[in-house]
Amino acid sequence: ISQDEKIKFCNAQIEDLIGYSAEEIHSKNFSEFIHPDDIKIVMREYQTRLSGDQPKNRYSVRFLTKDGQEKYVLISSTLVNWDGAPAALAMISDISMQKKIESDLRKSEERFRQLMEQSPWPTVILSPDGKIILVNSAWKKLWKLSEEEKAEVIAKYNILTDPQYEKLGLMEMVKKAFEGKHTILPPIQYDNSQTVDDFNLELLDDFKSLWIQLHLNSVKDEKGQIAYIVSTYMDLTNLKNAEQKIQEQRDLLARMSRANEMGQLTVSIAHELNQPLTGILSNAQAAELILKSKNWDLEEIKEILAEIIGDTKRAGEVIRNLRELYRDQKVEFLPIEMNTILNEITKLLHSEFVMQHVVLQTKYGSSLPMIGGNKIQIQQVMVNLIMNGIQAMIGMDSGERKILITSSSDANEVKVFVADRGKGINPDIIDRIFDPLATWKPGGTGMGLAISNSIIKAHGGRMMAENRREGGARVGFALPVLKEDL
């Protein structure tokens, strides 16, 4: 209780609060216990109370203790009568711990904001219901938004109602993050023009599309409830563009390699086509002679026509396989069966085996599992391996020229090897035989196996090479078995 700026009464709790005894307190003006910066506030409240007006019921100031510490207190005051004159009754609560917690919380929030703002990663804070709470400058820069556009996106966007994640089949993964699970979405090409339409974003007319990968992390409060979701954006646009350019260059190089291989096979291909064409001509001439005679057998005519049809189909198959192998195409990975590819390639190269006096032997595994890949590219690899094997045996006696093609599989891989009976691979270069410009053939460019290696790696596989004990080399590849979710 204070009157005429003097303390008339205090209880023992006040003594504990500021460290002075009751005698010391009663001998002082109450303003001596107030922080100098807060004296004006206290005096204003005190004088207003004594005048009979009604100031605010509670206010906080800083007290100074006997040992020089500052303590935050909350004062609730009212007007009382003391010895027949007005006096102020102040009830004081120590709120120093509360103020410290509030100060620490403000500092923590400020540190969080600074860390988020200074982060080079575009970051968004999402509420538990999917709305945007806060974004950093990197996020605004990522989408090239003005302040007005940023405000519009924050006001209207909700990740849990974004149709694009639903369309891409990713909404269940997004929802898992809001259930408390750390979630990384696969890279997607996000169509922002669609977002403009979906959320009626009127200010945005040039909202660019990017390749992004989203990392979603939930943050929980002291009760274990999700307080917010931290969404971090990885901009993969430049990486995806670079990958596309690399793929285009790889496809161009592979096509040039196929053209080179077709050039080397010109004589063999001409021979392969000449055989059915010669058969067609011979059978047609024979049929013509039979029809000109008056005594012709219908069954004989049927047999001739059947042979013509067979030769026509064979010639058509050769042309079709060549066109498929050589044509420029969009690279698509589809389920394929390896033994089918091997049969098609050996048929295509049949005349090459004949002309080079090479005996072809095959040992294919039964019931090979499917692989995921590009048929034409795998065919190109097989042509390269078979031609390498044939060329490795040039100069050998005809009876010794043999090519063995094998296929096998286990639970994880399908393996294919082409083995020859040549001189083998120089041990000095066998470890780098798949590097560009590495070759063991006279006149070789060193690019065939390098291109084949890049194709197999792009399919998630690996290439292998070794020398055989009985002579010659064995070169092949392994490709992963097609999984159900590919």
Side-chain angles (χ1 to χ4, degrees), residues 249-269 272 321-329 331 336 338 340-353 355-356 358 360 362 371 373-394 401-407 414-422 424-426 429-430 432-459 461-467 472-479:
Q249 293 297 320
R250 182 186 290 123
D251 293 343
L252 177 60
L253 189 59
R255 188 161 179 256
M256 292 172 62
S257 176
R258 291 199 299 272
N260 179 61
E261 290 166 354
M262 291 303 100
Q264 296 176 10
L265 291 169
T266 299
V267 175
S268 177
I269 292 168
E272 190 72 14
N321 288 338
L322 285 173
R323 185 173 63 247
E324 284 289 314
L325 189 59
Y326 184 64
R327 71 184 174 93
D328 194 11
Q329 49 153 4
V331 177
I336 54 178
M338 182 57 68
T340 300
I341 290 181
L342 299 181
N343 285 326
E344 291 175 354
I345 289 301
T346 52
K347 287 181 180 179
L348 180 64
L349 300 180
H350 171 73
S351 291
E352 188 70 16
F353 292 124
M355 295 172 63
Q356 299 297 335
V358 173
L360 173 64
T362 59
I371 62 171
N374 181 268
K375 175 181 176 181
I376 306 305
Q377 290 188 345
I378 300 301
Q379 287 179 331
Q380 179 179 354
V381 173
M382 284 306 305
V383 170
N384 181 264
L385 297 185
I386 293 171
M387 292 301 296
N388 281 348
I390 292 174
Q391 293 169 10
M393 295 184 291
I394 292 177
R401 301 181 188 180
K402 295 180 180 179
I403 288 283
L404 172 63
I405 302 176
T406 61
S407 67
V414 171
K415 296 180 181 179
V416 176
F417 284 99
V418 176
D420 62 64
R421 300 293 296 274
I425 304 170
N426 187 333
I429 66 169
I430 195 169
R432 50 187 178 87
I433 198 64
F434 301 112
D435 294 345
L437 305 182
T439 184
W440 80 97
K441 301 180 302 181
T445 64
M447 291 304 297
L449 285 179
I451 293 171
S452 297
N453 188 45
S454 70
I455 290 173
I456 295 300
K457 281 187 174 181
H459 282 69
R462 56 195 172 91
M463 292 202 71
M464 300 160 281
E466 62 182 7
N467 285 318
R474 192 172 80 135
V475 184
F477 55 85
L479 292 173

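Treat the numbers as computed from the prediction; the structure is a model and nothing was measured.
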Minimum-distance pair of heavy atoms, taken over all atoms of Phe434 and Ala465 = CZ-CB, 3.9 Å
message = Nearest 0.5 Å, please: how far is CG in Asp420 from NZ in Lys402?
response = 13.0 Å
query = If we only count heavy atoms from C-beta on, is the Met382 to Val416 side-chain gap below 4.5 Å?
reply = yes
ask   = Going by heavy atoms in the side chains, are Phe417 and Val475 under 4.5 Å from each other?
value = no
message = Can you confirm whether Val418 sits close enough to Ile403 that some side-chain heavy atom of one is under 4.5 Å from a side-chain heavy atom of the other?
response = yes
Reported CD1-to-CZ distance for the pair Ile425 and Arg474, which is rounded to 0.5 angstrom = 11.5 Å
query = Within a strict 4.5 Å, meaning less than it, do heavy atoms of the Arg401 and Ile394 side chains meet?
reply = no
inquiry  = How long is the straight-line distance from CD of Glu344 back to NZ of Lys347, given to the nearest 0.5 Å?
reply    = 8.0 Å
key: Atom of Ala473, atom of Asn467 and distance for their closest heavy-atom approach   = CB-OD1, 4.0 Å
query = Quick one: does Leu360's side chain get under 4.5 Å of Thr362's, heavy atoms only?
reply = yes
query = When rounded to the nearest 0.5 angstrom, what is the spacing between CE in Met393 and CD in Gln391?
reply = 10.5 Å
task = Let me see the working for Ser407 and Leu342 under side chain to side chain contact (heavy atoms under 4.5 Å, CB included), right down to the final yes or no.
result = CA-CA 9 Å; Ser407 67; Leu342 299 181; 3.9 Å; yes
inquiry  = Between Ile405 and Thr346, is there a side-chain heavy-atom distance shorter than 4.5 Å?
reply    = yes
remark   = Heavy atoms of Met338 and Ile371 approach each other most closely as CE-CD1, 3.5 Å
ask   = Below 4.5 Å, heavy atoms only, C-beta onward: do Arg421 and Leu404 meet side chain to side chain?
value = no
inquiry  = So, taking the atom named NE2 in His459 and the one named CG in Leu479, what distance separates them when rounded to the nearest 0.5 Å?
reply    = 6.5 Å
key: Close side-chain approach of His350 to Met355, heavy-atom, < 4.5 Å   = no
Nearest-0.5 Å distance that lies between atom CG in Leu449 and atom CD1 in Ile455 = 11.0 Å
query = Ala478 and Lys415: which non-hydrogen atoms are nearest, and at how many Å?
reply = CB-CG, 3.8 Å
